[in-house]
There are 2 protein chains.
Amino acid sequence: MKIELTTEEKIYEAAKEIFYRKGLDGARMQEIADLAGINKALLHYYFRTKEKLFGAIVKRVAEVFFPVLFSTWNMDIPFEAKIYTFTDKYIDFLIKHPFIPNFVINLIHQNPDKVKSLLNFDKLPISAQLEEQIRVEIEAGNIIDVDWRQIIISIISLSVFPFIGSPMLKIIFKLDDEEFLKIMEERKLIIPKMVMAWLKP
Amino acid sequence: MKIELTTEEKIYEAAKEIFYRKGLDGARMQEIADLAGINKALLHYYFRTKEKLFGAIVKRVAEVFFPVLFSTWNMDIPFEAKIYTFTDKYIDFLIKHPFIPNFVINLIHQNPDKVKSLLNFDKLPISAQLEEQIRVEIEAGNIIDVDWRQIIISIISLSVFPFIGSPMLKIIFKLDDEEFLKIMEERKLIIPKMVMAWLKP
DNA sequence: AATTAGTTTAACCGTTTAGTTAATTACTAT
DNA sequence: ATAGTAATTAACTAAACGGTTAAACTAATT
């Protein structure tokens with residue numbers, strides 16, 4: 001059974017692929033057209049300019065990436081369960097979309113203001129609930145007294161970096177794709193264990 | 001006292017700045033020339049092509065980045081001291097050169113084979129000593145039984161990612177440069193503490 | 001003062017690339 | 001069937017960009 005994609009979908013898929021790998025500047029409209037199997041003029045027919053096409057991809061990526069990143073944080077579940085849930089869900093997502101982190105990092109690196117306004121962080125409190133939860137846990141003596149931001153930074157670092165740095169890790173440890181995947185699966189449990197061992201008094 | 005840079009040094013400084021921020025594709029030779037305060041033709045007089053100029057910057061970066069990354073690993077000091085030394089040295093380096101990790105990641109991402117041959121990892125064993133040291137520590141029962149690669153990946157992640165993701169962290173936590181720096185300084189001790197808490201039986 | 005080698009510049013060239021145009025084909029509703 | 005609209009293409013344009021050239025300037029050497 002062969003699924004026929006609409007032209008617009010074909011363009012999205014091709015543009016995503018090229019932009020992920022080469023960025024806005026490195027990508028060529030002709031290359032995207034070729035990969036989509038269409039004429040270059042058709043690209044401009046659907047998305048008037050390169051910037052608009054790039055913006056459409058960015059919007060799509062942001063819509064999946066940030067919700068997955070933030071959704072768990074404000075859930076109403078115990079602290080420890082939250083960390084286990086986060087790493088499990090997030091690493092699952094990263095295994096499916098390994099190029100997104102690097103894409104987002106470069107995006108925000110080259111255009112912090114645009115990303116800021118795109119996501120207007122001021123409106124929704126990203127980590128207010130988690131911040132409060134950590135404060136309560138510290139006061140109750142369940143975890144040691146650490147800057148709550150250090151906790152979040154550490155968990156994100158441990159989860160995301162291996163995917164951003166995967167080409168380097170593959171070289172250093174001489175890993176093939178399968179081995180790399182296995183190590184990432186293991187991290188779903190290693191990360192929360194590490195964090196809890198650190199935070200337990 | 002004003003130090004007069006040679007033209008070549010001025011080009012290096014300008015090219016580094018532009019390439020760090022915009023990458024090979026995003027950088028313009030004219031822009032580099034302007035920043036260096038010279039004519040564009042002079043750029044081609046010193047470094048014949050854009051690729052050669054980029055390659056010169058890459059070489060310079062690799063010469064400082066990788067030694068700092070790997071040197072501590074094979075030192076002949078106790079395991080715990082090694083972790084403390086690494087985070088201290090490495091975060092110091094990253095504070096001084098915050099743009100290098102992202103630059104290197106993109107480099108290796110877009111051209112893994114070139115980087116591989118550039119550094120010929122096969123010749124010098126990057127982590128052989130550390131691997132053996134971890135094995136001994138596990139057998140002696142000093143640390144729990146974990147894949148040694150997970151340990152290294154975790155330490156690198158915890159140290160490097162905050163700098164790669166700094167623009168995002170600054171948005172999420174509403175940090176200015178000073179606060180960010182303070183948090184990174186704190187991590188010099190937090191990271192080894194976290195790792196040791198995890199590894200202690 | 002003349003010679004020479006290295007340095008710097010303004011003007012130019014050829015190619016690549018994003019974007020346009022005008023004409024053609026496929027589809028849809030009457 | 002046909003008119004009208006949407007989708008698609010080949011050919012073209014204008015601008016940006018990497019790179020070249022030839023001439024001018026500088027400083028050391030004879």
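Letters go in sequence order (proteins before strands), and every chain restarts at 1.
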Practice item. Would you mind telling me which of D:dA7, D:dG19, C:dA10 lies closest to the side-chain atoms of B:Ala41? Key: C:dA10
Review point. Mind checking whether A:Tyr12 and A:Phe47 have ring centres under 6.0 Å apart?
Key: yes
Point to revise | Over all atoms of both residues, closest heavy-atom pair of B:Asn74 and B:Ala128 | key: OD1-N, 4.0 Å
Point to revise | A:Arg48 CZ - C:dT20 P separation (whole Å) | key: 7 Å
Point to revise | A:His44 NE2 to D:dA14 C1', straight-line distance once rounded to whole Å | key: 13 Å
Review point. What orientation do B:Phe86 and B:Trp73 show, parallel under 30°, tilted 30 to 60°, or perpendicular over 60°?
Key: tilted
Revision key, fill the gap. Overall bend of the helix from C:dA1-D:dT30 to C:dT30-D:dA1 (five pairs an end, 10° steps) is 0°
Review point. If you check every side-chain atom of A:Tyr46, which of D:dT20, C:dT9, D:dT8 has the closest atom?
Key: D:dT8
Review point. Is any N or O donor-acceptor pair between the side chain of B:Lys50 and the base of D:dG19 shorter than 3.5 Å?
Key: no
Practice item. In whole angstrom, give the distance that lies between atom NZ of B:Lys22 and atom P of D:dC17. Key: 10 Å
Check your understanding: Got more than 12 heavy atoms from elsewhere within 6.0 Å of CG, B:Asp176?
Key -> yes
Review point. Hey, does A:Ala27 reach any base, or is it just sugar-phosphate, or nothing, if we go heavy atoms under 4.0 Å?
Key: sugar-phosphate
For nucleotides 22-25 of chain C, which of its nitrogen or oxygen atoms have a protein nitrogen or oxygen under 3.5 Å away, and what is each distance?
none

Check your understanding: Under 6.0 Å between the ring centres of B:Phe103 and B:Phe99?
Key -> no
Review point. With a 4.0 Å cut-off on heavy atoms, is A:Tyr45 in touch with a base, just the backbone sugar-phosphate, or nothing at all?
Key: base
Exercise for review: Tell me which nucleotide among C:dT7, C:dG19, D:dT9 gets nearest to the side chain of B:Leu42.
Suggested key: C:dT7
Review point. Parallel, tilted or perpendicular: which fits the ring planes of A:Phe54 and A:Phe19, with parallel below 30° and perpendicular above 60°?
Key: perpendicular
Check your understanding: Expressed in angstrom and rounded to an integer, what is the separation of B:Phe47 atom CZ from D:dT20 atom C1'?
Key -> 19 Å
Revision key, fill the gap. Rounded to whole Å, the NZ-P distance (B:Lys40 to D:dT21) equals 13 Å
Check your understanding: Atom CZ of B:Arg28 to atom P of C:dT17: distance rounded to whole Å?
Key -> 11 Å
Check your understanding: In terms of the angle between their ring planes, are B:Phe180 and B:Phe163 parallel, tilted or perpendicular, with boundaries placed at 30° and 60°?
Key -> perpendicular
Revision key, fill the gap. So the salt bridge (Lys or Arg N to Asp or Glu O under 4.0 Å) pairs with at least one residue in residues 30-52 of chain B (sequence neighbours excluded) are B:Lys22-B:Glu31
Review point. Heavy atoms, side chains only, cut-off 4.5 Å: are B:Phe79 and B:Leu199 in contact?
Key: yes
Point to revise | NZ (B:Lys170) with more than 12 external heavy atoms under 6.0 Å | key: yes
**Study point:** Atom-pair distance (CD1 on A:Ile38; P on D:dT8), nearest Å
**Key:** 8 Å
Exercise for review: Compare side-chain N and O positions of B:Thr7 against OP1 and OP2 of C:dT8 and report whether any pair is under 4.0 Å apart.
Suggested key: yes
Practice item. Rounded to the nearest angstrom, tell me the gap between atom CZ in A:Phe54 and atom P in C:dA18. Key: 13 Å
